[in-house]
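Report on one structure; see the data block that follows.
Only a predicted model underlies this, so the values are computations on that prediction, with no experimental measurement involved.
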Amino acid sequence: MLKIGLTGGIASGKSLVSARLRKLGAVLIDADALAREVVEPGTPGLAGVVAEFGEDIVDAEGRLDRARLGAIVFAEPDRREALNAIIHPRVRERAAAMLATAKPGDIVVQDIPLLVETGQGSSFHLVVVVDATDEERIRRMTEIRRMTVEDAVSRMAAQAGRDERLAAADIVLDNSGTVEDVNELVETLWEERLAPFARNLAAGRPAPRAGGPVLSPPNSDWPVQAERLLARIRRASPEVLGADHIGSTAVPCLPAKDVIDLQVSVSSLEAADRIARALGEAGFPLQEASARDAPKPPDLDPSAWQKRFHRSADPGRPANVHVRVLGSPGWRYALLFRDWLRANSDAVRMYADMKQELAALHGGDHRTLEYAEAKEPWFTEVAWPLMDAWARSSGWQPPSYPMAQG
């Protein structure tokens, strides 16, 4: 199934978006609704809240007095943490039980107000943030919910800041306009990204790509996007020893195809095969079960350059995942090449010129294979002597990772 984490600040319009997604066919798991369920009269959750906050926290009918509780926890952060410790584990347990009933091909949307604050982003294939300006949210709270400005600001301060939420987002839905505006955004997102992504996952296939190489200007958001993907990969299996952003999108100031390259470190090719399913479920299905990098100096034995190759199933964020054995020649070359470029602006310019020339030559191709093959002589004849000399003079060492246990 495709798992979507939906979040947004108070009064951003998240409920409107979740309702539209459900109408389009999503399975909705609403954390707010579950949070109310787990403190219904007679539940262990309510008993825990009463034990922490006292008998006065329930009304004459034995129900939780939410207004009284809200006034306490929004004024006292320590008390809010105590409440979260009671509520959140029970909500997660209930959500997990609902998630277990979803079917392959389903799009499951988990509406979680505190998704960013609780660090749950890597649990989802995509994080969708519903956004509106602070000024607009305050207006909604004061005019629609009849809060005072002070109360509105206090509620906002109790959540992650807007910048922190946006940094965690794979997708941002701007809800500063009309209901019709945001509904149109949701429908476009569903048709162009969520539904195709879900179909690709269910079929175990990467998102299709076509066309020759198109180089994009350097994008400072590429590393941020890569880190979100890496967090999902690291979570996929304990046999993932390490995961790194490599390739051109990992180098500042370098034009690149808008495809993020990632390297996964494993203990052996057998381990790479064992984690193939987990990577596929995380959103990166296997593309080639027995791939190989072009051999480069100093080790030209083709058998030493074996790897497994996965690609993203997400049509909105192309990514390549190279699964290589820790310490193998291909693993080392990818990391050294990235770090050499990062440390040498002249090398960046030289590589960029070569890429631009070949991209122009192969721009009319139906795929990028010919472009990639055309770069290989440069990697061997030009880049290798320079990067090897730099590694020796700088004392460069690749990163080290703990080996898998057991």
Side-chain angles (χ1 to χ4, degrees), residues 1-8 12-31 33 95-96 98-112 115 120-131 165-166 168-175 177-211 221 225 228-229 231-233 235-236 258-260 276-287 310-321:
M1 75 197 79
L2 179 66
K3 295 181 289 185
I4 306 297
L6 177 68
T7 193
S12 62
K14 179 171 53 63
S15 297
L16 174 65
V17 170
S18 65
R20 194 63 180 178
L21 287 168
R22 180 167 55 185
K23 187 173 182 179
L24 290 168
V27 177
L28 180 64
I29 301 175
D30 187 335
M98 295 177 68
L99 190 63
T101 66
K103 305 181 297 297
D106 281 349
I107 299 175
V108 180
V109 175
Q110 290 189 242
D111 182 338
I112 305 175
L115 183 150
Q120 298 182 63
S122 63
S123 301
F124 301 96
H125 294 104
L126 293 170
V127 171
V128 178
V129 170
V130 184
D131 183 51
R165 272 194 304 276
L166 295 180
D170 297 286
I171 298 162
V172 177
L173 291 176
D174 180 9
N175 189 27
T178 66
V179 171
E180 291 75 16
D181 290 338
V182 76
N183 280 340
E184 184 176 347
L185 289 175
V186 173
E187 289 167 9
T188 299
L189 172 65
W190 181 273
E191 294 171 3
E192 296 184 359
R193 189 164 183 180
L194 302 189
F197 195 169
R199 289 194 294 268
N200 291 337
L201 273 181
R205 66 187 177 219
R209 296 182 201 161
D221 198 45
Q225 296 176 35
R228 288 197 293 268
L229 302 181
R232 290 162 186 147
I233 286 172
R235 187 185 179 92
D258 188 20
V259 180
I260 290 176
R277 180 174 179 178
L279 288 179
E281 292 174 349
F284 308 95
L286 184 66
Q287 171 76 15
H310 295 241
R311 289 203 290 111
S312 173
D314 177 8
R317 177 61 274 165
N320 298 328
V321 180

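- With respect to the salt-bridge test (charged N to carboxylate O, under 4.0 angstrom), the residues R232 and D170 qualify.
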Exercise. Mind running side chain to side chain contact (heavy atoms under 4.5 Å, CB included) on I260 and Q225 for me, showing each step along the way?
Key: CA-CA 8 Å; I260 290 176; Q225 296 176 35; 3.7 Å; yes
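- No side-chain heavy atom of V27 sits less than 4.5 Å from a side-chain heavy atom of V109.
- When all heavy atoms of S18 and S15 are compared, the closest pair comes out as OG-O, 2.9 Å.
- With D131 contributing its side chain and V172 its backbone, the two residues share no donor-acceptor pair below 3.5 Å.
- When all heavy atoms of F284 and H310 are compared, the closest pair comes out as O-ND1, 2.8 Å.
- Atom CZ of R209 has more than 12 heavy atoms from other residues, nucleotides or ligands within 6.0 Å.
- The nearest pair of heavy atoms linking V129 to A169 is CG2-CB, 3.5 Å.
- A236 and L279 get closest at one heavy-atom pair: CB-CD2, 4.3 Å.
- To the nearest 0.5 angstrom, I171 atom CD1 is 6.5 Å from I4 atom CD1.
- When all heavy atoms of G105 and A198 are compared, the closest pair comes out as O-CB, 3.9 Å.
- S312 and R317 are not linked by any side-chain donor-acceptor pair at a separation below 3.5 angstrom, with hydrogens and angles left out of the test.
- Contact of the L24 side chain with the V186 side chain is registered, since non-hydrogen atoms from C-beta on lie closer than 4.5 Å.
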Quiz prompt | Stepwise side chain to side chain donor-acceptor pair (under 3.5 Å) check, N200 with R205 | solution = CA-CA 5 Å; N200 291 337; R205 66 187 177 219; 2.9 Å; yes
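- Remark: side-chain polar atoms of D111 are not paired, donor with acceptor, to backbone N or O of D30 under 3.5 angstrom.
- L194 has its side chain within reach of L21: a pair of non-hydrogen atoms, C-beta onward, lies under 4.5 Å apart.
- Within the 4.5 Å cutoff, side-chain heavy atoms of L16 are placed close to those of V182.
- Note that CG of L126 is 6.0 Å distant from CG of L2, once rounded to the nearest 0.5 Å.
- Residue L201 comes nearest to G280 through the heavy atom pair CD2-O, 3.4 Å, listed as atom of the first residue, atom of the second, then distance.
- With hydrogens and angles ignored, the 3.5 Å screen pairs a side-chain donor or acceptor of D314 with a backbone N or O of G316.
- With a 6.0 Å radius and a threshold of 12 heavy atoms from other residues, nucleotides or ligands, E187 has its CD atom above the threshold.
- Atoms OG1 and CD, from T188 and E191 in turn, are 6.5 Å apart once rounded to the nearest 0.5 Å.
- No side-chain heavy atom of T7 sits less than 4.5 Å from a side-chain heavy atom of Q120.
- Separation of atoms CG (N183) and CZ (R20) is listed at 4.5 Å; rounding is to 0.5 Å.
- Side-chain N or O atoms of R311 include one that pairs as donor or acceptor with a backbone N or O of A207 at under 3.5 Å.
- The line from CG of L115 to CZ of F124 is 5.5 Å long, rounded to the nearest 0.5 Å.
- We find the CG-CG distance between D181 and L173 to be 12.0 Å, quoted to the nearest 0.5 Å.
- K3 is not listed as a side-chain neighbour of S123, based on a closest heavy-atom distance of 4.5 Å or more.
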